[in-house]
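Whatever order the structure lists them in is the order used to number ligands and atoms, beginning at 1. Position 1 is the first residue of the sequence, and the numbers go up from there. Computed from a prediction, not measured in an experiment: that's the story for all the values here.
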Amino acid sequence: MCGIVGYIGEKNACPILIEGLRRLEYRGYDSAGIAVLSGDKIDVKKATGKLAALESAIESCAPEGKIGVGHTRWATHGRPSDENAHPHTDCIGNLVVVHNGIIENYLRLKEELIGKGHEFSSETDTEVIAHLVEEAYNGDLVEAVRKAALMLEGSFAFVVMSSDKPDLLVAARRHSPLVVGIGSGENFLASDIPAFLPFTKKVYFVDDDMIVALDRSSASFMTLDGKSVEKELFEVTWNAEMAERGGYEHFMLKEIHEQPVALRETMRGRMSSENSKITLEGIGLTDEDIRRINKAVVVACGTAYHAALAGRYMLESLARIPVEMDVASELRYREPVIDDRTLALVITQSGETADTLAAMREAKRRGAKTLAIVNAVGSSAAREADGVLYTYAGPEIAVASTKAYTTQMMVIALITLYFGRIRGTISPDRDAELRRRLWSIPEQVDLFLSDYEAVINIAEKYHNIGGFMYIGRGPNLASALEGALKIKEIAYIHAEGYAAGEMKHGPIAMIDPNMATVAFATAGRTYEKLISNIQEIKARSGDIIAIAGRRDEIINNYADHIIRVPETDEMLSPIINAIPLQLLAYYVAKFRGHEIDKPRNLAKSVTVE
Ligand code: AGP
């Protein structure tokens, strides 16, 4: 998830672009760059690292000009580096592009363009856009951008500036966000409103498959097939701080709501439809390696560990790979039995968690193949693992991990189906059924997020309770552990996550009117047993908050409160069940008046052991 800005007006563009990028830095910060049209030359400045690196790079040579584009990068293709930083140019530097998204067919386009004599200078998918526009350009920049956009597959929001057109910026959008700011004698393009909020609150929201032509006095819109479109101009009421959180009160709530997009982006380029074969570029394992794996060892901490726990059920039952579970801080000290047929599955949002890195290095030293599931591109885990699969969740700012968790489980599901096909351990029907179910999950999460009043009411009722017990069975044992962690880390209420079948072996002694139980009661092989566990708790005056399928009527007889979720396969249900547990923790913490994004005692990335 990168940040793009464009400016055209009567002021010097450079400081406006830099300030706009600063307000978008939450969208990604492994490199940044700007390009300004100075006279008839485009002056491009880039720097690896946070925005401050770019600012110091241009301190004594800030480009002068009244039109420009800027970019802050969250790398998806190509490691963070000056070469891979945007803006990217055509062969002769006559035009530049900044882009947010993932071009899925960039390799094929790049080969075709190289065949036509184009020379590339980066590993990115974005650079393809610059050369496609160059190839199509014959004096009409809007038409050239339109033709280029028609050839792209995937998600994009990009802005193009040409030295031939000092009074024009042209942009295109599909799936990635793009907004237009309308000022007085100056106009703006950006990934998000905060970038230009100090200058104007008049905004056009650009729709999918749309082209924008922007000059100093107006914006015009057309569809990708060239039809002109009239757009409604909105006036936003947010202040700058609210705008950075997309109008949400906290980053955590914003990131919870970003999960449908994050899940879809994580599938992009790996699964193009519910019937398509799964491809996992970057996995770092041959088919032979995959067939030779005789066990997997999980290397993860906290929420990432819970994602692995949910995934374990899939890997064992569908790919027939035994999975050893241990938090990373324990794994490396227990003399694990690891050899060259062991797969070390390393899961980490930040890619910098010290316990996880240490355990990964230990597993590698003992001969394991390491496959990392990482959100932060170019992080230590991503660089050191034999293979890396990114969760394209975008930067996760809130300490409490949400969209990283669900996209981690999504990647494990993709790995499981990919392995199952290669190892011949999954029937074609089961494989097809799970791909169909997996494909619809982003929409199901979106559906749940459209109405969760029930969760807010439950959070208000129980926000002062003495404690919570979270129970689940099978893959939803992970949901129970994750639910308990979320409540602890932001609401500071004691909570335990337990295998539901364990309750009668001791924990049920804790049940009383001041200990509410959250039960993950979505459909599964052990649903009836979970109902019995709920009955045991009810018999001891414990309140039951059940997370259950929309069509489940049995649960009505046993739960005090029911949070209805869309039905899916039991193996995939922890992805959907994560949303109510995240929202319950968020609203309990909110009713308790807590600082939610930065909870006490916690850090976003634990880089010490
Ligand atoms: C989750 O809400 C916590 N912030 C914490 O458990 C986190 O998941 C853990 O520290 C692992 O972080 P990582 O994914 O960046 O390695």
Side-chain angles (χ1 to χ4, degrees), residues 74 250-256 258-259 262 266 298-311 325-332 344-361 363 370-385 388-412 470 478-493 495 497 574 578-579 581-586 588-589 594-609:
W74 177 267
H250 297 100
F251 273 113
M252 183 179 177
L253 189 58
K254 176 171 182 278
E255 288 156 9
I256 289 171
E258 285 176 341
Q259 289 180 106
T266 297
V298 161
V299 178
C301 302
T303 290
Y305 173 82
H306 299 153
L309 182 59
M325 294 298 303
D326 222 337
V327 289
S329 53
E330 290 297 316
L331 174 71
R332 61 185 291 229
L345 192 57
V346 182
I347 304 173
T348 167
Q349 187 284 131
S350 63
E352 300 299 346
T353 298
D355 289 325
T356 302
L357 293 176
M360 177 179 77
R361 290 161 186 156
T370 51
L371 173 57
I373 299 174
V374 184
N375 197 38
V377 177
S379 56
S380 301
R383 291 197 310 274
E384 295 179 28
V388 58
L389 295 173
Y390 288 113
T391 50
Y392 294 118
E396 191 176 65
I397 308 298
V399 166
S401 186
T402 51
K403 59 181 182 173
Y405 176 58
T406 48
T407 54
Q408 285 160 357
M409 289 189 282
M410 171 65 75
V411 173
I412 297 171
Y470 282 75
S479 305
L481 298 183
E482 177 61 9
L485 176 63
K486 283 285 155 307
I487 275 276
K488 281 186 276 201
E489 65 177 329
I490 62 172
Y492 316 148
I493 296 178
I579 316 307
L581 73 83
Q582 293 164 355
L583 289 166
L584 183 62
Y586 174 81
V588 168
H594 288 183
E595 157 47 53
I596 290 173
D597 285 336
K598 298 188 178 73
R600 67 186 185 194
N601 312 335
L602 297 179
K604 182 60 188 170
S605 178
V606 183
T607 54
V608 292
E609 282 197 65

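Distances below 4.0 Å separate heavy atoms of Ser401 from the following atoms of ligand 1: 1 (C), 2 (O). Near Ala400, the atoms of ligand 1 lying under 4.0 angstrom from a non-hydrogen atom of the residue are 2 (O). Within the listing of ligand 1, atoms 6 (O) sit less than 4.0 angstrom from a heavy atom of Gly302. When each atom of ligand 1 is checked for a heavy atom of Lys486 under 4.0 Å away, the hits are 1 (C), 2 (O). The atoms of ligand 1 that sit less than 4.0 Å from any heavy atom of Thr303 are 1 (C), 2 (O), 6 (O), 8 (O).
The nearest heavy-atom contact from the protein to atom 14 (O) of ligand 1 is Gln349 N, 2.7 Å. Ranking protein heavy atoms by distance to atom 10 (O) of ligand 1, first place goes to Val606 CG2, 4.0 Å. The single protein non-hydrogen atom nearest to atom 2 (O) of ligand 1 is Glu489 OE2, 2.5 Å, given as residue, atom name and distance. Of the protein's heavy atoms, Cys301 O, 3.5 Å lies nearest to atom 11 (C) of ligand 1.
Closest heavy-atom contact between Thr407 and Ala393: OG1-CB, 3.9 Å. Of all heavy-atom pairs spanning Gln408 and Gln349, the tightest one is NE2-N, 3.6 Å. Of all heavy-atom pairs between Tyr390 and Ala382, the closest is OH-CB, 3.2 Å.
Interatomic distance, His306 NE2 to Lys486 NZ, rounded to the nearest 0.5 Å: 8.5 Å. Within the model, atoms CD1 of Ile487 and OH of Tyr470 stand 3.5 Å from one another, a figure rounded to the nearest 0.5 Å.
Judged by distance alone, with hydrogens and angles left aside, the side-chain atoms of Asp355 form no donor-acceptor pair with the main-chain N or O of Ala328 at under 3.5 Å. Between the side chain of His594 and the backbone N or O of Ile490, at least one donor-acceptor pair lies under 3.5 Å.
Residue-to-ligand polar distances place Thr353 within reach of ligand 1: an N/O pair is separated by less than 3.5 Å. Geometrically, ligand 1 and Ser350 share a nitrogen or oxygen pair separated by less than 3.5 Å.
Neither the backbone nor the side chain of Glu352 has any atom closer than 4.0 Å to an atom of ligand 1 (non-hydrogen atoms only).
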Query raised in the report: Can you list the steps and then say if Thr391 with Met410 is a side chain to side chain contact (heavy atoms under 4.5 Å, CB included)?
Result: CA-CA 8 Å; Thr391 50; Met410 171 65 75; over 6 Å; no

Report task. Check the pair Ile373 / Ile412 against side chain to side chain contact (heavy atoms under 4.5 Å, CB included), numbers first and verdict last. Result -> CA-CA 8 Å; Ile373 299 174; Ile412 297 171; 3.6 Å; yes

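The residue from Thr356, Val399, Leu485 that puts a heavy atom closest to atom 4 (N) of ligand 1 is Val399.
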